[in-house]
Amino acid sequence: MMENRHGKLRTRVLAMPKDTNAKGNIFGGWIMSQIDIAGALTTNDIDAGNVVTVAVNSLKFKKAVEVGDALSCYGKIINVGNTSIQTQIEVFAERVVDHKEISVHVTSAVITYVCVDKNGNKRAVNKDNDY
Ligand SMILES: CC(C)(COP(=O)(O)OP(=O)(O)OC[C@H]1O[C@@H](n2cnc3c(N)ncnc32)[C@H](O)[C@@H]1OP(=O)(O)O)[C@@H](O)C(=O)NCCC(=O)NCCS
């Protein structure tokens, strides 16, 4: 799997016309949903099992995403607590400009997940696994 200083590539998806807001840019809520999926997948690095999102600690939309962009979310774990796992997600939009592919850093986020049991109650993180 592709890896760089921002972590591993977790999702890569094409931004479609159905994902636009009233101004024709890609809707922030759609980008947030991609980020949440990427963050949850990132918790697999420590084989966390079932997790739920407890908090979006920070999120900045730095640049607009356009229809036709390939949106790539990179993620890494930045902290492991007793029951929680904090992830950092960096989002890049890849598009072709003047016959060249460019990659624009569009969004940064920190999202926290909590490990839960089958009843949805929080449980301890398995700390045997490195990240
Ligand atoms: C997630 C949930 C199980 C946590 O239960 P809780 O009793 O409220 O948990 P706590 O307040 O003790 O927090 C649990 C952990 O989350 C951390 N946490 C809570 N709020 C946080 C925040 N705003 N930012 C970062 N971490 C946070 C706590 O520090 C704690 O971490 P630790 O055990 O590693 O020290 C419960 O709040 C819940 O079910 N929420 C709904 C989840 C959901 O539906 N998400 C959306 C769909 S996935």
Side-chain angles (χ1 to χ4, degrees):
M1 186 170 285
M2 224 163 104
E3 189 161 4
N4 64 20
R5 70 189 170 89
H6 302 297
K8 290 183 192 161
L9 179 65
R10 309 296 174 169
T11 62
R12 189 164 194 263
V13 61
L14 188 65
M16 301 288 277
K18 68 176 171 51
D19 307 316
T20 53
N21 62 20
K23 285 190 69 184
N25 284 327
I26 294 298
F27 179 49
W30 179 80
I31 300 167
M32 289 167 74
S33 132
Q34 304 308 317
I35 290 170
D36 195 22
I37 293 166
L41 289 172
T42 300
T43 68
N44 286 343
D45 282 1
I46 57 165
D47 194 16
N50 282 348
V51 296
V52 290
T53 312
V54 71
V56 177
N57 300 107
S58 70
L59 187 139
K60 183 172 182 187
F61 295 117
K62 299 164 182 281
K63 303 269 186 197
V65 176
E66 300 171 5
V67 171
D69 287 352
L71 200 74
S72 292
C73 295
Y74 292 82
K76 63 183 177 188
I77 292 173
I78 54 173
N79 191 53
V80 177
N82 295 319
T83 66
S84 67
I85 303 165
Q86 197 160 59
T87 65
Q88 183 173 342
I89 308 298
E90 302 296 340
V91 187
F92 292 82
E94 288 128 24
R95 66 181 73 121
V96 176
V97 176
D98 294 334
H99 308 292
K100 277 192 206 141
E101 191 180 59
I102 61 164
S103 181
V104 182
H105 192 181
V106 289
T107 310
S108 292
V110 173
I111 308 191
T112 305
Y113 298 85
V114 171
C115 296
V116 290
D117 63 20
K118 61 180 177 357
N119 299 315
N121 298 316
K122 67 187 173 188
R123 62 172 169 79
V125 179
N126 182 356
K127 296 219 171 156
D128 294 340
N129 301 315
D130 288 338
Y131 68 96

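Atoms within each ligand, like the ligands themselves, are counted from 1 in listed order.
- The nearest protein atom to atom 39 (O) of ligand 1, hydrogens excluded, is given as G120 O, 4.4 Å; this is a heavy-atom distance.
- Side-chain atoms of N44 never come within 3.5 Å of backbone atoms of D47 as a donor-acceptor pair (strictly under, hydrogens ignored).
- More than 12 heavy-atom neighbours from other residues, nucleotides or ligands sit within 6.0 angstrom of NZ on K62.
- Regarding atom 10 (P) of ligand 1, its nearest protein heavy-atom neighbour is K122 NZ, 3.6 Å.
- Each of the atoms 34 (O) of ligand 1 lies under 4.0 Å from some heavy atom of G81.
- Closest non-hydrogen pair, K76 versus R5, comes out as NZ-O, 3.1 Å.
- Annotation for A124 and C115: closest pair O-CB, 4.5 Å, computed over non-hydrogen atoms.
- Residue, atom and distance of the protein heavy atom nearest to atom 19 (C) of ligand 1 are V54 CG2, 3.9 Å.
- Summary of contacts: the protein heavy atom closest to atom 43 (C) of ligand 1 is T53 O, 3.7 Å.
- Protein heavy atoms are absent from the 4.0 Å sphere centred on atom 41 (C) of ligand 1.
- Atom 1 (C) of ligand 1 has V52 CG2, 3.6 Å as its closest protein atom, hydrogens excluded (heavy atom only).
- A donor-acceptor pair is defined here as one N or O able to donate and one able to accept, closer than 3.5 Å; no such pair exists between the side chain of R10 and the backbone of Y74.
- Formation of a donor-acceptor pair under 3.5 Å by the N119 side chain with backbone atoms of N121 is not found in this model.
- For atom 36 (C) of ligand 1, the protein comes within 4.0 Å by no heavy atom at all.
- Each of R12, H6, Q34, E90 was compared with S72 under the side-chain hydrogen bond (donor to acceptor under 3.5 Å, both in side chains) criterion, and only R12 meets it.
- Atom CZ of F61 has more than 12 heavy atoms from other residues, nucleotides or ligands within 6.0 Å.
- In terms of protein heavy-atom proximity, atom 23 (N) of ligand 1 is nearest to A55 CB, 3.3 Å.
- The two residues R95 and V65 have their closest heavy-atom pair at NH2-CA, 4.3 Å.
- When distances from atom 47 (C) of ligand 1 to the protein are checked, no heavy atom turns up under 4.0 Å.
- Per-atom contact check: atom 28 (C) of ligand 1 does not touch the protein, criterion being a heavy-atom distance below 4.0 Å.
- Comparing heavy-atom distances from atom 24 (N) of ligand 1 across N57, N82, V110, V125 singles out N57 as nearest.
- Protein heavy atom nearest atom 17 (C) of ligand 1, with residue, atom name and distance: S84 CB, 4.1 Å.
- Under the 4.0 angstrom criterion, atom 12 (O) of ligand 1 counts as having a protein heavy-atom contact.
- Counting only heavy atoms of the protein, atom 33 (O) of ligand 1 lies nearest to T83 OG1, 2.6 Å.
- Applying side chain to side chain contact (heavy atoms under 4.5 Å, CB included) to I111 and the options V54, L59, T87, T42 leaves one that passes, T87.
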